[in-house]
Amino acid sequence: MTTSLQSLNAFRSTLLIRQTIQEYRTTATAFPSLTTLRYNDSIYDVTTTEGTFTGLGPLLKLSSSKTALRSNTATISVTISGIPMTDARAILYSSIKGSTIQIQRAFFQAGTNTIISDLDFPLATGGITGRFAGYVSTYTLEDVVDPETGIGTVSVLMDCVPLTNLLTRVVKGLRTNPVDLRHLTSDADVSFDNVPALEEAEWFFGGTK
């Protein structure tokens, strides 16, 4: 027995963001570590089989995404506001640029914090569907100071591009050396064996020596 969205009078959806940072530091001298950050756009923490996604509520904003039948290179922006100045050091010392980011949509029963795990929905696994997968191409920081309290916070805006964008940067070709050629063909192919001997050699085309 599965649950269909058409059979529900109301339901709630939440965006789950998982960001993996290869080199995460909290101080300038800290040893970098592989860290995965999990957060969502609701005011509640959401717990799934992989862990807890911290609820950031209105402090998290995401731009609209483009839906198409074919893969596209449309970007998406993720903005996190209200970061305390003391915690902003982790952004400065960590490798935010290049970190991978995955955005999923979770469906909940209306008025509850329970995921509809048996949801009858295409490409939904455990009540969760995919929305975006990519990496952070650029990010900017903005300082915000409350004039009444004098307390400063930081906002970070991350521009994310999909993984399909990597395909446009693929460098195609074959290095002209015996090792690469034998790796692709066989040890009996000696077509490039004379190439190392020609390295840094002088050539005279159409002239006298």
Side-chain angles (χ1 to χ4, degrees), residues 11-26 32-48 50-108 113 115 121-125 127-147 151-170:
F11 65 90
R12 179 174 62 87
S13 67
T14 297
L15 294 178
L16 309 177
I17 296 92
R18 179 172 66 249
Q19 183 175 359
T20 302
I21 304 175
Q22 295 291 332
E23 296 182 0
Y24 183 83
R25 297 182 179 91
T26 55
S33 61
L34 176 65
T35 302
T36 299
L37 305 178
R38 297 179 179 89
Y39 45 93
N40 72 84
D41 64 345
S42 71
I43 60 176
Y44 305 102
D45 292 346
V46 176
T47 301
T48 66
E50 72 167 78
T52 300
F53 293 77
T54 304
L56 299 182
L59 298 178
L60 174 64
K61 293 182 180 180
L62 292 90
S63 63
S64 58
S65 58
K66 180 180 179 181
T67 302
L69 294 177
R70 296 182 178 180
S71 60
N72 58 80
T73 58
T75 62
I76 190 171
S77 298
V78 179
T79 304
I80 302 177
S81 306
I83 302 175
M85 289 290 187
T86 54
D87 296 334
R89 294 176 297 180
I91 302 176
L92 297 175
Y93 301 141
S94 302
S95 300
I96 303 298
K97 183 177 180 179
S99 59
T100 58
I101 189 166
Q102 183 177 5
I103 303 174
Q104 297 175 309
R105 186 184 299 276
F107 295 89
F108 298 83
N113 201 35
I115 298 179
F121 193 77
L123 302 179
T125 303
I128 299 176
T129 61
R131 178 184 175 185
F132 180 87
Y135 61 94
V136 179
S137 60
T138 59
Y139 73 96
T140 56
L141 297 175
E142 180 182 356
D143 297 335
V144 180
V145 179
D146 189 336
I151 299 176
T153 58
V154 174
S155 298
V156 56
L157 169 61
M158 296 177 288
D159 292 323
C160 308
V161 296
L163 294 177
T164 53
N165 185 268
L166 292 175
L167 298 178
T168 62
R169 302 185 179 186
V170 174

For this session: Take V154 and D143 through the test side-chain contact (heavy atoms from CB on, under 4.5 Å) and record every step on the way to the result.
Result: CA-CA 5 Å; V154 174; D143 297 335; 3.7 Å; yes
Return yes if some donor-acceptor pair links the side-chain N/O of [X] with the main-chain N/O of [Y] below 3.5 Å, else return no.
| X | Y | result |
| --- | --- | --- |
| D41 | G57 | no |
| S42 | Y44 | yes |
| N40 | L15 | no |

For this session: Kindly indicate whether the side chain of L60, heavy atoms from C-beta on, has any atom under 4.5 Å from the side chain of I17.
Result: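 Touching, per the 4.5 Å side-chain cut-off.
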Exercise. Is there side-chain contact between I96 and M158, with at least one heavy-atom pair below 4.5 Å?
Worked result: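 A side-chain contact exists here, since the closest heavy-atom pair is under 4.5 Å.
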Measure the [atom1]-[atom2] distance between [X] and [Y] for me, rounded to the nearest 0.5 Å.
| X | Y | atom1 | atom2 | result |
| --- | --- | --- | --- | --- |
| L56 | I43 | CG | CD1 | 12.0 Å |
| S99 | E23 | OG | CD | 11.5 Å |
| Y135 | Q22 | OH | CD | 14.0 Å |
| F132 | I103 | CZ | CD1 | 6.0 Å |
| L163 | Q102 | CG | CD | 9.0 Å |

Exercise. Side chain to side chain contact (heavy atoms under 4.5 Å, CB included) with A106: which residues, sequence neighbours excluded?
Worked result: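 With neighbours one apart ignored, the set is L16, F108, I115, I128.
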My understanding is that only residues two or more places apart in sequence, or in another chain, count here; which of them pass side chain to side chain donor-acceptor pair (under 3.5 Å) with [X]?
| X | value |
| --- | --- |
| T100 | none |
| E50 | R18, R38 |
| T14 | R12 |
| Y139 | none |

Minimum heavy-atom separation for [X] to [Y], with atom names?
| X | Y | result |
| --- | --- | --- |
| F107 | T129 | CE1-OG1, 3.9 Å |
| R131 | S63 | NH2-O, 3.3 Å |
| S13 | R105 | OG-NH1, 3.4 Å |
| R25 | S94 | N-OG, 2.8 Å |

Identify all side-chain donor-acceptor contacts of residues 77-85 below 3.5 Å with residues at least two apart in sequence or on another chain.
| residue | atom | partner | partner atom | Å |
| --- | --- | --- | --- | --- |
| S77 | OG | D159 | OD1 | 3.0 |

For this session: Using the side-chain contact (heavy atoms from CB on, under 4.5 Å) rule, take T26 and Y93 through it: C-alpha gap first, then chi angles, then the decisive distance, then the call.
Result: CA-CA 7 Å; T26 55; Y93 301 141; over 6 Å; no
